[in-house]
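Data block below; observations after.
In what follows, chains are A, B, ... by sequence order, proteins preceding strands, each numbered from 1. Keep in mind that what you see is a predicted model, and the values were worked out from it rather than measured.
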Amino acid sequence: MSLTVDIQLKRSSKIYHQGEIVSGVLVLDSRSEARHDGITLTMDGIASVQLSPRSAGLIESLVNSSKPISLISQSVEVTKSGRIPSGQTEIPFELPLNPRSSSKILYETYHGVYIMVQYSLRCDIKRSLLAKDVSKSQEFIVEYKPGSGDSEEEKVVNFEIRPETLQNVRDRARIPQFLVRGHLDTSIFPLSKPLTGELTVCECERGISSIELQLVRVETCGSTEGYTREASEIQNIQIGEGDVCRGIAIPIYMVFPRLFTCATTVAPSFKIEFELNIVIIFDNDHLVVETFPIKLIRS
Amino acid sequence: MDRAAEALTPGTPSRYPYFTSLSLAISGPYKPNNNPSGRIMSVVWKIRVRQWGLEKNPLIPEPTTSHPLQGVKDRTLKQAGLVYEKKSRPTVQPMMIDPLSSVLDGPDPLSDLLGASDPLSGKAFPSASRQAMEADKDTEMAITDSRHSTWEQHRAFILSNFTTTGTLTFTSSFLQPSDSAESRAVPLHRRVVKTQTAVTERHRTPGMSGSERIRARLEQLDTLDEMSGGGVVREVGGLTQEEFTHRLNGLKQELTEAWQSDQRVKALKIAIQCVKLLSLSVPEHFYPSKFVLVIDILDTLASLVYQRLKFKSQSENFPVGGSDTGKLEAQETTRNWFYKVASIRELLPRLYLEAALLPCYSLINVQEGEQALSRLSRMIRGIGDPLMAAYARMYVCRMGFVIAPTLTQHISESIEDFLHALKQGLWPEGEADMNMGEDKDSLAARVFFPPLEWMMQCLASCAPHHILQSILRQCEEGEGLGQNLLVSSLLATFPHHFIALQALPLTHLIAGCSYPGKLQHELLSSLGVCVNQAAPPQQQQLPLLNAVWKLIARVPNTKDYLSTAGIWLEFTAKHFTSVEVNTLLGDVLKHVGTDRSHDQTHYPAMLALVSTALTNSTDPHSLFSMKHFLGLLNVFQRDSVSAGDGVTRGVVEALLTHHPGDFTDPILVQHLLTLCGALHDSINALTTDDERRQLSQLIISFIRQVNFGRDFEQQLDFYVNARAAFSNLDTVLVSLVQCVCRLAMATWNVMHSQHSGKTASFVRACAAYCFITVPSLAYSTTRLKLYLLSGTVALINNCLGQVEGNDSLYGGDPKVQQEAEQLCTTLLHNILLHIQSLTGIHEKRCGPLAFSLFWCIVTWCDLTQPQMMKVTSQIWSLVLKHCHPETVVQARDWISRHSVHQKHTSLAQLVRHGQA
């Protein structure tokens, strides 16, 4: 008397955009004919925000966190109570991907440390009291439509790192004399393209042991009581190894990871932003970090 | 020899019917009809008088275009042709060429095999994918210039040239526990085993709380680059080079196994860890070999990935969507591979792996691959250590050549970066690991050369002229080691015609190119090799030679001097007259003369000079009259010790091969006679037969080439001297006798067969020469033939005394006759007995045997004699009994046809009778 259900989406990538129709088939598999009290298919989208225990305090974080925001929730009855024939049954479905109210937008799928935006389809088969209900969920991914979002002009970001440009220095005397110049090709990066730029170590009196690119996400959770801002590393890429040549332009190049990133998102109660750190590590393990806020978009 | 004999006796009937009458004893059983008992029959042998002139069936020579054996070793010949560019000469080829040894002009087939790669060395490879990879390689490595080495050659060169006796450290999480030092009984003082946890602490965002850090670490563990294969990284120190190599090969094996058991991530991790070994540049003199070993592993992985993706994209085993789905799926997988590789944290592994996977771009988008290629070559700028960067460049260039052989932009950029890195200083003072006293500069020159050479080679094979020009400009602007390396690799890899055009500026560059790096004479040699292949413009040749020779004359070491001089001598000989060649040789003699104590060691080099001058000279004839050339020959004669080492032989060969026409100059002949005499004297008990044969051949060709024209006396004098000099070589003596016979006949011709008193005594002297020489030969057959020949010659020249001497010695002696007759009888007896004994399965052999015997008798015996006819008829009956009817019919036809004009009616009758 076993009964299983599987949700198969038409797109193997499982990526959908707002306004599109999510289509696929429910695959019911039963060894023998089975009775049921109705099959429903539910599309859910939630954004859950958890306050960081460090900045907001442990208790507050527990109290305030468990309030997921529902972005989309709609349910359709696939069939009324009846019988499922033995063998495999495929039931095609189509559901429009639209937010609850037309003013809202569907944020991109994102799995972070404190913020999570998740979309899923759930199929429930209600059974009589004697048998267990069967349910199955399937996550799908929502991305912004390419080209959506405000089109700011792309501008080269030039930078220059010198001992004088550094902040938060405890003992300025211990910093070696150095000059690093470079640029990022833009501050707005499409997620499908790599992050690019160039960097030149013009001079440096100490040896350098490594130059690294650090991609950091900044999650800001807001509430009436205030907000917390947390930064965490997503990816670290070394672009310079050893005491690199002076006066030669080293390419800055990083492919954005597919997990842990999404388009930069600013919502009323949370923000997902990204930063790029350029880390220069000297041969005495001291390091210098320069941070650039970057905006990620879909294009 | 036979030909010579025939030429001297045209159409003369044989005068020596040695055997006139014989008696034959034949036992019975084989001819049952006539002699039933075993009674011995006596036969009188009667030999037919042959009319050779009539019977001779002249062979018509047919011109041929190809040597029957040449097809086998065509390649070798072509290569040898580069060295010995033989000019076609109008004269007849003077040397008697042994078809076998001429075919093997190049290296012998065994050393050919050495050049090929060992088919067993790649045994760890699954055969199918290896085949596929090799198929790919055909298209990949299509470097056209013969000077350019393939990756295999380059690899072998590096492995054999960069070794270490020091100890090495191996770091990997895939080392077996049994691999640790304790189990290998490594001496305690060499044991270094460290275990470290997987995550490096240094890279963390400042200001993280403890729990965050843990989370970050867990995330890092998921990424590929951390050494989390077995969780624990083992570091084994104190390894010798073999142990190190063994471990790497072990990892290669493990990688392949992991892949085959579908553990692709593990395979990738192994490859990453291996590349990480390259981020340690010490010891520098081993780094190139380490690089090559790691590249092997990388190549293994790359081909596995590529094969799999390719297979995926070609397979049509998808239930939905048709063949396109497979392609899309494969593209998605390919992208995943690139995503994985792009997330590797450390620069070196990321770079190498992406480069290794470059061919996979062909499944997505070729252009994207080309972009990635130029990005990768720029990313290498991030590698601080110039050595590590140089080898990474070599790898990227190699992969670049695979995916886009026509792209050169990235190569010239790489070369520029390479030079820039060298300018910044090699490695910090005192850090370089010295290798057995090798100083830092020469070590640097050695380790940096292979990558640059490879890059230049890739560039040279496809870049347009102006790019090459820009490299030359960089040479001019360069300094120190970088300039030196660039110039030397340019000379080694760029097209000859380009170098020939730029020869003069290059010479100035070489003049200003200071040590460290390749020495000046090495650079000059490479330049010389190039201009020998492609000539510089006419008006530049003299200034070039002057500029170059000024530098050569200053080369301090005689050996270096000679090798460089030899190469430029070729250039001089090709483009200038003998006068210039003579001048250069004079300079050479001056150099060698000052260094007399080491004379002998330079003989091979000087031999090469002689050979070069002769081979390439536009006018070899005038060369032989040049003072310094003869002076050079004199050097070899000073002592005969050199005879054994092949130098003298080489000189003689070179002289014989390249001298135009016959030797007429008595001085030169004397030189050669001395040299050949030394060769002859070098023969001892240890000399092999083959060597003797070759030497004889050489000397014979020399003797045949000597020609004093109408001065017959001098010619005979020469033969007399030659006989004295070459008394140990029978074949030479044979040849001498033939030559003297020819001389006698030539005299006869000149005098129109009417000798004067003077010439008569001359030909008698010739005959005397022969009769004195012949008895010292070892082989009786040869002796006999030569007696025949010289006897004939003597007869024609009316030296009757000599002729009779010969006749009485053989033909006329009744003892000899009797002996021969007996022998014949016994022989016939034995053959018949043998035929009789052939029974059972051997019976079929009776036919051919009887048939041959029959032909012998028919051919040689006088069948008009009833006795002989009787023997013949008996054997014919044997033929009839045992032979195939078809053979019998054929024989019968032939006999009937020929008996008509030979008047053998009895034989024809016999044959017909047999039929009836």
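For the pair A:Q235/B:S343, a side-chain contact is recorded, criterion being any heavy-atom separation below 4.5 Å from C-beta on.
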Salt bridge (charged side-chain N to carboxylate O under 4.0 Å, His left out) between A:E233 and B:R345, intermediate numbers included: CA-CA 13 Å; A:E233 176 186 296; B:R345 198 192 75 78; over 6 Å; no
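A search for salt bridge (Lys or Arg N to Asp or Glu O under 4.0 Å) contacts involving A:E275 returns A:R229, not counting sequence neighbours.
Exactly one residue among B:R378, B:M379, B:R381 makes a side-chain contact (heavy atoms from CB on, under 4.5 Å) with A:I250. That residue is B:R381.
Contact record, A:F256 with B:Y339: O-CE2, 3.6 Å, taken as the closest heavy-atom pair. Closest approach of B:I344 and A:I237 over heavy atoms only: O-CD1, 3.6 Å. For A:C245 against B:A421, the heavy-atom pair with the smallest separation is SG-CA, 3.5 Å. When all heavy atoms are compared, the tightest approach of B:A342 to A:V255 is CB-CG2, 3.7 Å.
From B:R350, atom CZ reaches atom OH of A:Y253 across 10.0 Å, with rounding to the nearest 0.5 Å.
When each of A:M254, A:E241, A:R258 is scored by its heavy-atom pairs under 4.5 Å with chain B, the top score falls to A:R258. For the options B:I380, B:L348, B:L347, B:I383, heavy-atom pairs under 4.5 Å to chain A are most numerous at B:L347.
In this structure, B:Q367 places its CD atom where only 12 or fewer heavy-atom neighbours from other residues, nucleotides or ligands lie under 6.0 Å away.
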